[in-house]
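Here's the structure, in structure tokens; my notes come after.
Just so you know, ligand 1 is whichever comes first in the structure, and atom 1 is the first atom listed for that ligand. It should be emphasised that the depicted structure is a prediction, and the values quoted were computed from it without experimental measurement. When reading the values below, keep in mind they use all heavy atoms of this one structure, side chains included, and skip hydrogens, waters and symmetry mates.
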Amino acid sequence: MNRDLSESGFDLKQIDRLLTTTRAVRKRLDFARDVTDDVIFECIDLAEQAPTGGNDASRRWLVIRDQGLKDQLGSLYAEVGTLFLQARGRLEGTGHPKEHVVSSSAYLVDNFSKAPALVICAIWGLHDNSGRPGLFDSAIPSAWSFNLALRSRGLGTAYATMLNNKTAEVSKILGIPNGVTTLVCFPVAYTIGQEFSPAPRRPASNITYFDQWGFTRELPSADGSARIQDGPGVVTEIDTDARPRKVWEVISDINMPALFSNEFVGAEWVSQDQTGVGSRFTGRNSIPGLRDWETECIVTEWVERQVFEWRITDPDNPGAIWRFDLAEQGTGSRLRFSMVIGKENNGTAPRAQEDPSRENAVLFERRLIHKSNMQRVVEGVKTLVDDGPNVDQ
Ligand SMILES: Cc1cc2nc3c(=O)[nH]c(=O)nc-3n(C[C@H](O)[C@H](O)[C@H](O)COP(=O)(O)O)c2cc1C
């Protein structure tokens, strides 16, 4: 058997390359090379294989070739894109995480009308927020297939939606009737070079939940149920208006969870260092009326304003891994509080493994309790940081 072929006969290496390297292309669009109608028709035919709600045939495509019309759309795109041009000026040379995407997006703002073809994906109908499928939901899958079809043929584009802020003007320029929704206007061109890299994205295990919102597993389970050996965990997240600096002040205080969690009583530093990897503290916990216990906690990751991770008892064989991740989100922050239950050095693992037929249930129940405590913690942090004045840049 050819090991490169999947069960369904696809060359997985090639298919996966297509799926992982279809990037937003802007600076590497070749404006000097023409794109023929045949390749556009071909890509639209492929895109039309995408599903639609109720198998309804309402998608329409509008290809703009006329330079005068492209210039008018380019001017509208530039009006909406001024923000990118301003941000480019501010971020240039700063190494800010958004510098690259802002510079690339601003380049497209400057050059939108130079694309050999602008291709609009549209659909008959107006979004009525009814929750019924059929509109955006039916156009978006084919718009993405169009991207993939372009990439497989040596062309590229960016999923450009900014003209949606100018629908009345766009409709007037292109004679689009009332009752049609335009979703995206692709600047289509051959790409300069064919090598594109996969983007850094979160791994599936980080953002995939099983059976309950927030229930993670580090490893795929052999039979689909939660097992201690697969690293069952819990994630809670919250968005704050406050910037990361202010949130960090609260979450890097080891006594903070005690304010909110039902189990966490308090903590005390036992190492001289009270920050940074290797510092240690004792945590005191209690399930009222049931048991009290102490845990030794070792800080295993510490990146100011980003990550605070500590492990229980033994960093190499932790009873649990606890972690705060903090990142900018819009004008505020997103706080992620997560934990993974360890294979030993805790009370849960032996209980879960006592009876394999109950392992999933024991882990489910324990994680429900963790989740509600952790939810209380992140909500408590939000209340603290969003009430006061918002410091920081
Ligand atoms: C819904 C949506 C809207 C987008 N709108 C624009 C846009 O108006 N202009 C633009 O240059 N890129 C736009 N993009 C492209 C994103 O900026 C791009 O996907 C992102 O920078 C990540 O790059 P990558 O896809 O190469 O990983 C949009 C993407 C999506 C999914």
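- Residues Leu62 and Leu174 meet the side-chain proximity criterion, which asks for heavy atoms closer than 4.5 Å.
- Distances below 4.0 Å separate heavy atoms of Leu108 from the following atoms of ligand 1: 11 (O).
- Annotation: atom 24 (P) of ligand 1 to nearest protein heavy atom, Arg23 NE, 3.5 Å.
- Taking the centre of each ring, Phe337 and Phe324 come in below the 6.0 Å mark.
- Separation of the Phe308 and Trp310 ring centroids falls under the 6.0 Å cut-off.
- Taking the six-membered ring wherever Trp is involved, the centroid distance between the rings of Phe84 and Tyr107 does not fall below 6.0 Å.
- Scanning the protein for heavy atoms near atom 31 (C) of ligand 1, the closest one is Tyr159 CD2, 4.3 Å.
- The closest approach between Tyr77 and ligand 1 falls below 4.0 Å for a heavy atom of the residue.
- In terms of polar-atom proximity, Met162 is counted as a contact of ligand 1, with an N or O under 3.5 Å from an N or O of the ligand.
- The nearest protein atom to atom 17 (O) of ligand 1, hydrogens excluded, is given as Arg26 NH2, 2.9 Å; this is a heavy-atom distance.
- Under 4.0 Å from ligand 1, the heavy atoms of Val101 that appear belong solely to its side chain.
- Of all protein heavy atoms, the one closest to atom 8 (O) of ligand 1 is Thr161 N, 2.9 Å.
- Residue contacts with ligand 1: Ala24 is placed with a nitrogen or oxygen under 3.5 Å of a nitrogen or oxygen of the ligand (distance criterion only).
- Side-chain atoms of Asp386 come within 3.5 Å of backbone N or O of Ala242 as a donor-acceptor pair.
- Counting heavy atoms closer than 4.0 Å to ligand 1, residue Lys98 contributes nothing at all.
- For the pair Arg367 and Phe215, the cation sits on the ring face: its NZ or CZ lies under 6.0 Å from the ring centre, inside 45° of the axis.
- Relative orientation of the Phe186 and Tyr159 rings is perpendicular, given thresholds of 30° and 60° on the angle between their planes.
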